[in-house]
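Below is one structure; the comments refer to it alone.
Remember, it's a predicted structure, so these values are computed and weren't measured experimentally. Computation of the quantities below employed the complete heavy-atom set of this structure, encompassing side-chain atoms and omitting hydrogens, waters and symmetry-equivalent molecules. All ligand and atom numbering here is 1-based and tracks the order in the structure.
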Amino acid sequence: MTQARPVGLLVEDAVAVIRIGSPPVNALSAAVRSGLLDALAAATADPAVRAVVLAAEGRTFIAGADIGEFGKPPVPPTLSDVVDAFERSAKPVVAAIDGAALGGGLELALACHGRVAGPKARLGLPEVKLGLVPGAGGTQRLPRLIGAAVALPLIAQGTTLGPADALRLGMVDEVTGDDALPAARRRALALAAPPPRSRDRDGLGSHEDFEAAATALGKQAAGNPAVQGCIDCVAAAFSKPFDEALAFERQTFRRLMEDARSKALRHVFFAERAAAQVPGLPAGTAARPVASAAVVGAGTMGGGIAMVFSNAGIPVTVIETSQEALDRGLERVRANYDTSVRRGSLSAEERDRRLARIQGQIGLDAAVEADVVVEAAFEELGLKREIFGTLDRVAKPGALLASNTSYLDIDSMAAATARPGDVLGMHFFSPANVMKLLEVVRGAQTTPEALATAVELGRRLGKQPVVVGACHGFVGNRMLARRTAQAERLLLEGAAPEEVDAALVEFGFRMGQFAMIDLAGLDIGWRVRKATGKKAPVADALCEAGRIGQKVGRGYYRYSDGARQGEPDPEVHTLIECIAGEQGIARRAIGRQEIIERLIFPMIDEGARILEEGIAARPGDIDVVWLHGYGWPAWRGGPMYHAGVLGAASVARALEGHAARSGDSTLRPSDALSRMAAA
Ligand code: 3HC
């Protein structure tokens with residue numbers, strides 16, 4: 001039952017239970033903080049109370065500070081005031097941790113005099129993922145409790161632990177098989193008085209070990225002020241008296257709060273959660289249950305998607321047209337799992353369970369039992385329409401009929417069925433079993449139930465679903481097409497593939513444009529261009545020369561002896577110069593700033609159009625697509641967030657400049673971007 005007040009107090013058998021009830025996740029808002037202080041004061045003043053238990057309602061214990069308050073003027077009492085009051089309490093306090101105790105939630109629990117964890121407890125200090133350090137004593141109390149060398153990587157990587165690990169490390173005193181509250185009561189009563197506050201350095205362990213742990217984080221700390229901040233704060237536990245180290249931690253927290261990276265990461269946090277909410281769904285729209293799946297096509301994507309279903313515990317039938325294609329596809333799936341077993345990320349038993357959930361069948365009749373069918377056949381509209389027509393005849397009523405197409409017309413596929421309301425796009429990203437993004441493409445006739453089912457299923461599959469409208473390339477690939485066109489253009493105007501890629505990597509992408517195309521294979525884009533009559537002179541010439549990417553050892557780069565990292569290839573340079581010469585383009589040296597602006601700003605321009613057309617519901621949705629589908633660096637918030645930081649007007653101005661200089665009229669800002677700039 002939810003309380004009207006965010007913090008309740010109930011005294012029973014000499015124990016006062018302070019219970020937070022502040023949905024959805026019991027974040028430590030101003031109201032919760034003052035409620036906690038009031039409840040503690042009342043419990044302390046009550047002569048009938050011998051001990052106190054801190055508990056919470058719902059699935060989470062405490063998710064941490066209220067992130068929604070960040071960047072706003074602070075409202076007293078501060079979280080540090082609350083943590084301090086609990087630690088100083090004259091009566092012993094034990095935390096009953098059922099669910100997540102994260103960030104400030106764990107910091108408050110660390111200030112209690114005992115901790116009991118239930119089976120669903122998750123403990124961690126994830127502040128670093130928001131570009132911050134823990135700000136309420138976490139960098140001082142956790143190292144004293146479990147040793148600095150063990151605590152540091154947990155803090156600097158934002159690791160979350162389950163109850164067994166937390167117990168092993170000494171973060172909690174006890175783990176229960178069920179509700180933690182009764183054990184916490186017993187434990188609190190058993191403490192005659194709060195133990196003396198630990199202020200000395202005994203618990204920190206060896207300084208040498210800490211130094212080694214800090215050195216191991218060196219690479220992650222370079223260029224990441226939050227990771228460096230975590231190291232500095234834990235180091236302060238050794239070098240400064242407790243109160244001074246606390247003050248240093250708070251100061252570091254406040255400094256990082258103003259850092260551009262932290263602001264971007266906080267935007268990402270809320271954008272990811274907003275993206276999971278589908279605008280315009282009638283209240284109470286329920287997702288249909290999904291207990292089994294079918295995937296049409298055993299190619300790289302189809303096999304990967306089958307793995308995604310199986311990994312989530314959903315039995316899946318992979319359907320092919322020939323035994324040979326099926327065997328090849330299933331063999332690839334098995335090889336993928338074997339690799340995971342070899343690397344130690346999957347046990348052999350779990351591999352066998354996952355493989356057992358994947359069946360192969362010939363012919364679409366095998367889709368008859370499936371609650372959801374994902375078509376992942378060749379990218380050819382006629383073929384897909386044919387498949388949907390057959391699925392319409394064989395699939396059971398109410399089955400979700402999804403296409404994994406990256407470009408093609410969902411409405412045309414829907415029109416091949418007598419149940420267009422059940423048809424939509426579920427666009428996975430390659431490799432499907434790794435990439436988190438799922439574009440859920442809403443067709444003109446897709447019903448709210450079908451949409452809700454796909455979004456809910458996406459979450460169950462461990463993906464980040466983003467609902468997008470139907471158009472060529474949807475959100476991600478439509479924007480990528482603009483970047484790809486400019487990348488090609490930059491080559492002709494004077495940049496080398498490795499220069500273009502280096503600029504993107506310096507910007508923060510894990511991989512450059514051309515390394516990415518080499519990995520995916522140039523033949524994919526070539527096929528699309530041939531079908532649509534489009535041209536990309538450099539890419540086309542590479543394909544004609546058989547340089548279709550990493551799989552043949554040659555693409556924009558050269559891959560000697562199966563290497564994954566390509567080397568610049570003089571042959572490619574010559575080819576580019578040749579084409580530029582034929583086209584009468586005078587090549588020149590192009591700086592990194594220009595490269596980045598010409599790659600990123602047209603994407604922002606396309607994003608503005610996508611928003612105006614309603615293909616994406618929110619700028620944050622576009623950001624989430626790029627973060628989870630294309631490796632946009634999280635600390636830069638996403639392309640539309642980036643536009644906001646730079647100002648849409650300055651993006652538009654820069655595009656005008658580049659259009660004039662290069663003579664490429666496609667660089668001119670669209671009306672949509674101009675309107676965004678004016679707003
Ligand atoms: N503050 C404010 N809102 C929060 C929040 C927080 N700390 N944590 C979650 N929420 C909100 C979400 O925005 C979402 O809101 P919405 O329904 O309006 O979209 C809602 O709670 C539910 O969140 P999820 O969808 O993420 O729910 P899950 O059940 O999937 O996950 C969770 C729950 C594991 C607690 C997850 O929400 C989470 O990881 N939260 C953030 C934890 C965190 O980063 N804590 C550190 C905060 S910083 C801090 O404590 C500073 C301190 O050191 C001083």
Could you pull out every N or O of ligand 1 that sits under 3.5 Å from a protein N or O, with the distance for each pair?
residue	atom	partner	partner atom	Å
ligand 1	1 (N)	Ala65	O	3.4
ligand 1	1 (N)	Ile67	N	2.9
ligand 1	7 (N)	Ala65	O	2.9
ligand 1	19 (O)	Gln277	NE2	3.3
ligand 1	26 (O)	Arg273	NE	2.6
ligand 1	26 (O)	Arg273	NH2	3.2
ligand 1	29 (O)	Arg59	NH1	3.4
ligand 1	29 (O)	Arg59	NH2	3.2
ligand 1	45 (N)	Ala63	O	2.8
ligand 1	50 (O)	Ala65	N	2.9
ligand 1	50 (O)	Gly104	N	2.8
ligand 1	53 (O)	Glu107	OE1	2.7
ligand 1	53 (O)	Glu127	OE2	2.5
ligand 1	53 (O)	Gly135	N	3.0

For Phe507 and Trp632, I'd like to know if the aromatic rings sit close, meaning centre-to-centre distance below 6.0 Å. yes
Would you please indicate if the ring centroids of His267 and Phe269 are separated by under 6.0 Å? no
As a test of understanding, state which of Val128, Asn224, Thr252, Leu256 forms a side chain to side chain contact (heavy atoms under 4.5 Å, CB included) with Cys230. Val128
With a 6.0 Å cut-off on ring centres, are Phe429 and Tyr630 close enough? yes
Which donor-acceptor pairs under 3.5 Å do the side chains of residues 276-290 make with protein atoms, sequence neighbours left out?
residue	atom	partner	partner atom	Å
Thr285	OG1	Pro282	O	2.5
Arg288	NH1	Gly398	O	2.9
Arg288	NH1	Asp422	OD1	3.2
Arg288	NH2	Asp422	OD1	3.0

Please check this pair: side chain of Asp165 against backbone of Leu161, looking for a donor-acceptor N/O pair closer than 3.5 Å. no
